Amino acid sequence: MLERISLFVLGGGGYLAVELAWRGTSHWTMFLAGGICLCALQWLAVHPVPLPVAAGTGALGASALEVVIGVICRNFLHVQVWDYSAEWGNIAGLICPRYTFYWFLLCGWVVAVLRITGKATISPVYCTRKAAAES
């Protein structure tokens with residue numbers, strides 16, 4: 001449970017940091033989106049899925065999440081967090097192919113890092129006294 005909470009907070013903070021660096025502004029809902037995205041990418045990282053498939057799945061998931069959060073922000077919170085209406089191929093100004101491609105690159109990098117760090121970490125081995133005595 002602590003690992004998932006840590007991933008969620010790291011993903012949320014990372015998403016806010018990327019948005020602040022890229023656009024100069026963000027919204028608290030992006031913290032939620034980032035947390036959800038990183039937890040989903042961790043799930044993809046531990047499964048034997050080829051990296052391009054994991055990156056594509058992550059990009060589609062992040063774009064779908066942007067649509068959901070964008071609709072909620074516009075219709076219920078009455079805030080327009082971002083506007084891609086000037087971008088080619090946009091859907092309601094909420095997503096566009098260009099940023100979905102950027103998500104593909106970022107998700108591929110994140111999944112690769114998660115896989116590398118997953119292999120590099122050492123898991124402790126616990127042994128009871130009874131089991132140790134039997135060995």
Side-chain angles (χ1 to χ4, degrees):
M1 184 67 155
L2 183 58
E3 179 184 358
R4 289 180 193 250
I5 292 170
S6 298
L7 276 172
F8 188 87
V9 171
L10 182 64
Y15 198 124
L16 288 178
V18 167
E19 278 225 317
L20 288 172
W22 187 263
R23 297 184 327 130
T25 184
S26 191
H27 191 260
W28 65 267
T29 55
M30 296 301 97
F31 181 85
L32 301 176
I36 292 168
C37 284
L38 189 58
C39 289
L41 290 174
Q42 172 64 19
W43 185 87
L44 285 169
V46 298
H47 286 81
V49 178
L51 186 57
V53 173
T57 303
L60 292 175
S63 294
L65 190 59
E66 280 195 333
V67 168
V68 170
I69 290 178
V71 167
I72 290 170
C73 284
R74 284 183 183 176
N75 296 334
F76 298 104
L77 301 178
H78 306 290
V79 174
Q80 187 166 332
V81 179
W82 61 89
D83 183 13
Y84 297 142
S85 59
E87 295 286 333
W88 173 85
N90 77 84
I91 299 174
L94 296 173
I95 58 171
C96 66
R98 177 178 163 196
Y99 283 91
T100 300
F101 175 69
Y102 292 158
W103 277 119
F104 175 81
L105 297 176
L106 184 60
C107 289
W109 180 78
V110 168
V111 168
V113 167
L114 288 170
R115 286 181 176 171
I116 290 167
T117 57
K119 290 178 183 176
T121 56
I122 300 170
S123 298
V125 177
Y126 297 101
C127 185
T128 64
R129 291 179 195 226
K130 183 178 178 182
E134 293 174 359
S135 311

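Counting from 1, the numbers follow the sequence of the chain as shown. Since we're looking at a predicted model, the values are computed, not measured.
A donor-acceptor distance shorter than 3.5 angstrom exists from the side chain of Asn90 to the backbone of Ser85, with no hydrogens or angles considered. Looking only at distances, a side-chain donor or acceptor of Arg115 sits under 3.5 Å from a matching main-chain atom of Ala45.
When every heavy atom of Trp82 is checked against every heavy atom of Arg23, the shortest pair comes out as CB-NH1, 3.5 Å. When all heavy atoms of Trp88 and Cys96 are compared, the pair lying nearest together is O-CB, 3.9 Å. Taking each heavy atom of Gly58 and Leu44 in turn, the nearest pair found is N-CD1, 4.0 Å. Nearest approach of Ala59 to Cys107, heavy atoms of both residues: N-SG, 3.8 Å. Between Leu38 and Leu7, the closest heavy-atom pair is CD2-O, 3.2 Å.
Ring centroids of Trp109 and Tyr102 are separated by 6.0 Å or more, keeping the two rings apart.
At a threshold of 4.5 Å between non-hydrogen side-chain atoms, the residues His27 and Leu32 do not count as touching. Side-chain contact between Leu77 and Thr29 is present, with heavy atoms from C-beta onward closer than 4.5 Å. Ile91 has its side chain out of reach of Glu66: every pair of non-hydrogen atoms, C-beta onward, lies at least 4.5 Å apart.
Tyr99 and Tyr84 have parallel rings, their planes meeting at less than 30° on a 0 to 90° scale where 60° marks the start of perpendicular.
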